[in-house]
Amino acid sequence: MKLNRKDFFKGAALGIISLPFAIKGCTNENIAQSSSTTTVSGKKYKWKMVTTWPPKFPVLGEGCELFAKWVYEMSGGRMEIKVYGGGELVPALEIFNAVSSGAAEIGHGSAYYWAGMAPSSQFFASVPFGMNAQQMNSWLISGGGLELWEELYDKFNLIPMPAGNSGVQMGGWFNKEINSVADLQGLKMRMPGLGGKVLAKAGGNPILIAGGELYTSLERGVIDATEWIGPYHDYIMGFHQIAKYYYSPGWHEAGTVLEMFFNKEKFNGLPSDLQEILRTAAMRLNMWMLSELEAKNTFYLKKILAESDAELRVFPQEVLDELKKYTDEVLADVTASDPFAKRVYESYDNFRKDAAEWSKLTEKVFYNKIQI
Ligand code: CA
């Protein structure tokens, strides 16, 4: 059914507007059918969730513990989930295989960690100069992104769901100012993933260093700069004590999606009410992590500035333009290497372009002229 402008106003006036695409699969008959086939069994499930985060990691690990608590309470104690930090049950970067094989039932991480196995996975996490949290949620939940993600993970015996977002990250900590692209030449910076590839094309030297060694590496000059997450996590790391300039924006991570994935057979073997409880709790976690990080980052940015000599900087336009140019080259390499990556990126980029037009007219104007 095509909804035209006249119908819209007619319906709206009566307060009975119905949007067929929004209520697909949610008719009264469907509800009656599904409730008649769902019988709550008393069977109890004890599941394991393996994560890429250090144990009890602020917000990300804490959120997984909350997820387990919500599921336990919503299921009336029928599902108990034990959360493991990276290395507690399997090493952080082994969780994908562990859940795929059924050694654990649930994983929580971010899809760009699996780029070596599936290059397209990066597009379900973060693309430099790409979509922000709101746009990623729109693409995944309502724009066809999740269907592609499910298609990819199905090959690995997994079912993915968005379950958290970092929001726009910061550009990182530097001990010298970045005034031009020349200042990136030879710069030794901790910068993983696609962002690292872009930095390398710009003449920088991306270095992969585990979180636990970052502070010492920056303090001792093993690296010149590092990106991490945002003010809350950066404050905990103490970077403001050893680096002078705090740069914005995190051009490489505008809204990194955090994922939850389930072993396919284990998930499909659950009664439908428990499946819906897991889906609902994942969606709640998706919103909780972003909200929690926004609130914490707002507070901790003030704390960093009050407690240290760190100075805020914004990358010059010329530097961002150059990095964007190299990003296009890096993305062309990724999509040329893998047909599925090409398909996913086309969906991603078409959505991004349309979302950009809408945002230019609305949020961008709002931020530029009204709120700030
Ligand atoms: Ca980061």
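These numbers were taken from a predicted model, which means no experiment stands behind them. In each ligand, atom 1 is the first atom listed, and ligand 1 is the first ligand listed.
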Is there an N/O/S atom in S166 at a distance below 3.0 Å from the Ca ion (ligand 1)? no
Looking at F340, is K155 sitting on its ring face, NZ or CZ under 6.0 Å from the six-membered ring centre and within 45 degrees of the normal? yes
The Ca ion (ligand 1) to nearest N/O/S of W228 below 3.0 Å: yes
Vertex the Ca ion (ligand 1), arms to E227 OE1 and E253 OE1, rounded to 10°: 90°
What about the rings of H233 and F57, do their centers lie closer together than 6.0 Å? yes
Kindly state whether the ring of Y153 and the ring of W114 have centres lying under 6.0 angstrom apart. no
Evaluate D234 against Y300 for side chain to side chain donor-acceptor pair (under 3.5 Å), listing each step before the verdict. CA-CA 9 Å; D234 293 12; Y300 276 83; over 6 Å; no
